[in-house]
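What follows is one structure encoded as structure tokens, with my remarks underneath.
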Amino acid sequence: MDLTVKRLQAGAGSAPNYHLLDAQGNVLLVADQSIAANLDERRQVRLARPDGRLLATIDLPLASSKTESADYAIIHDYAVYAILSVHPPEGEERQPAGPYFTLEVEGERWAALPDPTLAHCYALYDEVPRGLTPYGSLADLDLPPAIGRICRLDADVAFTATLDVARLQQPDLIILALAYLIDRAQPA
């Protein structure tokens with residue numbers, strides 16, 4: 001499954017919207033923050049179909065710090081579908097390209113780690129052991145082969161992603177949420 005995420009900025013002082021597109025350029029999902037006067041007061045990201053039908057939400061933590069881990073719940077069908085955790089780098093000499101992400105979804109544990117071979121990309125791994133802790137280098141980890149990748153591009157196309165379509169029931173939710181959180185953790 002090849003997907004593209006476009007970032008759309010509505011205007012000064014507004015949060016960007018994100019469109020998830022398939023390989024043919026069709027919009028699959030739209031992500032936008034809930035409306036509040038102050039951007040810092042917005043506590044939820046809506047994930048909706050192009051016709052506006054709400055599919056899921058991402059609950060944002062009350063306070064986020066670049067130096068502490070933060071957990072984000074994806075709510076789908078009135079239940080927690082996935083938990084995405086953002087883990088800040090332990091220091092520039094220890095981690096090559098910023099934060100890494102862990103994901104608990106459908107009874108599995110995944111990770112999105114800075115790709116050791118492609119700049120501005122995260123490699124996606126499944127079967128990640130519990131207790132993944134900050135690492136010295138990717139070579140220190142005993143990981144299975146990557147099952148996908150999400151890469152940051154230019155301002156027009158924010159991200160591209162590849163993922164085996166059979167891996168998850170809702171891969172579009174996960175890719176759009178991950179793109180949103182990467183952008184939030186590392187603004188372009």
Side-chain angles (χ1 to χ4, degrees), residues 1 3-22 26-88 98-106 108-113 120-122 124 148-161 163 167-188:
M1 168 181 278
L3 300 168
T4 302
V5 178
K6 285 194 171 193
R7 180 190 317 104
L8 306 169
Q9 192 73 32
S14 64
N17 293 332
Y18 297 82
H19 289 188
L20 180 72
L21 296 92
D22 64 14
N26 300 313
V27 178
L28 301 174
L29 287 179
V30 176
D32 60 13
Q33 279 191 278
S34 58
I35 298 170
N38 182 341
L39 286 177
D40 294 332
E41 295 173 3
R42 298 177 185 185
R43 299 286 173 237
Q44 196 173 69
V45 176
R46 297 172 356 100
L47 302 171
R49 297 280 182 215
D51 64 4
R53 186 173 62 90
L54 183 66
L55 184 63
T57 59
I58 304 172
D59 289 348
L60 303 177
L62 291 176
S64 64
S65 166
K66 300 279 186 195
T67 61
E68 296 178 6
S69 294
D71 296 327
Y72 298 82
I74 299 176
I75 310 299
H76 174 61
D77 288 338
Y78 306 103
V80 175
Y81 171 67
I83 302 278
L84 273 155
S85 299
V86 181
H87 306 277
Y100 69 96
F101 303 82
T102 54
L103 168 66
E104 294 181 39
V105 61
E106 297 177 13
E108 294 183 32
R109 187 161 167 86
W110 289 34
L113 303 172
H120 310 293
C121 290
Y122 281 85
L124 304 175
R149 186 166 276 106
I150 184 166
C151 298
R152 181 188 298 271
L153 298 176
D154 59 29
D156 183 37
V157 176
F159 294 92
T160 60
L163 180 65
R167 291 291 182 164
L168 294 171
Q169 292 177 13
Q170 301 288 335
D172 49 355
L173 287 180
I174 297 304
I175 293 298
L176 188 55
L178 189 55
Y180 175 85
L181 293 176
I182 290 170
D183 222 25
R184 184 176 166 95
Q186 293 181 299

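By the 4.5 Å heavy-atom criterion applied to side chains, Asp183 and Tyr18 are counted as neighbours. Side chains of Leu124 and Ile175 form a contact here, defined as non-hydrogen atoms less than 4.5 Å apart.
Residues satisfying the side chain to side chain donor-acceptor pair (under 3.5 Å) criterion with Asn26, sequence neighbours excluded, are Asp22. In this structure, the side-chain contact (heavy atoms from CB on, under 4.5 Å) partners of Ala177, at least two apart in sequence or on a different chain, are Ile58, Ile74, Leu84. Applying the side chain to side chain donor-acceptor pair (under 3.5 Å) test to Arg149 and every residue at least two apart in sequence or in another chain returns Asp115. Annotation: side-chain contact (heavy atoms from CB on, under 4.5 Å) contacts of Ala179 (sequence neighbours excluded): Val5, Ile150, Phe159. The side chain to side chain donor-acceptor pair (under 3.5 Å) test applied to Ser85 returns Asp71, not counting sequence neighbours.
Here CG of Leu103 is found 9.5 Å from CD of Glu108. Values are rounded to the nearest 0.5 Å. To the nearest 0.5 angstrom, Leu29 atom CG is 5.0 Å from Arg49 atom CZ. Annotation: the span from Leu168 atom CG to Glu106 atom CD amounts to 5.0 Å, rounded to 0.5 Å. The OG1 atom of Thr57 sits 10.0 Å away from atom CZ of Arg46, with the distance rounded to the nearest 0.5 Å. Here CD1 of Ile174 is found 9.5 Å from CG of Leu163. Values are rounded to the nearest 0.5 Å.
Distance alone, capped at 3.5 Å, is enough to place a donor-acceptor pair between the Tyr81 side chain and the Gln170 backbone. In this structure a side-chain-to-backbone donor-acceptor pair under 3.5 Å is missing from His120 to Leu153.
Taking the six-membered ring where tryptophan is involved, the planes of Phe101 and Tyr122 are perpendicular, since the angle between them exceeds 60° and thus also 30°.
Nearest heavy-atom pair across Leu54 and Leu47 is CD1-O, 3.7 Å. Of all heavy-atom pairs between Pro50 and Leu28, the closest is CD-O, 3.3 Å.
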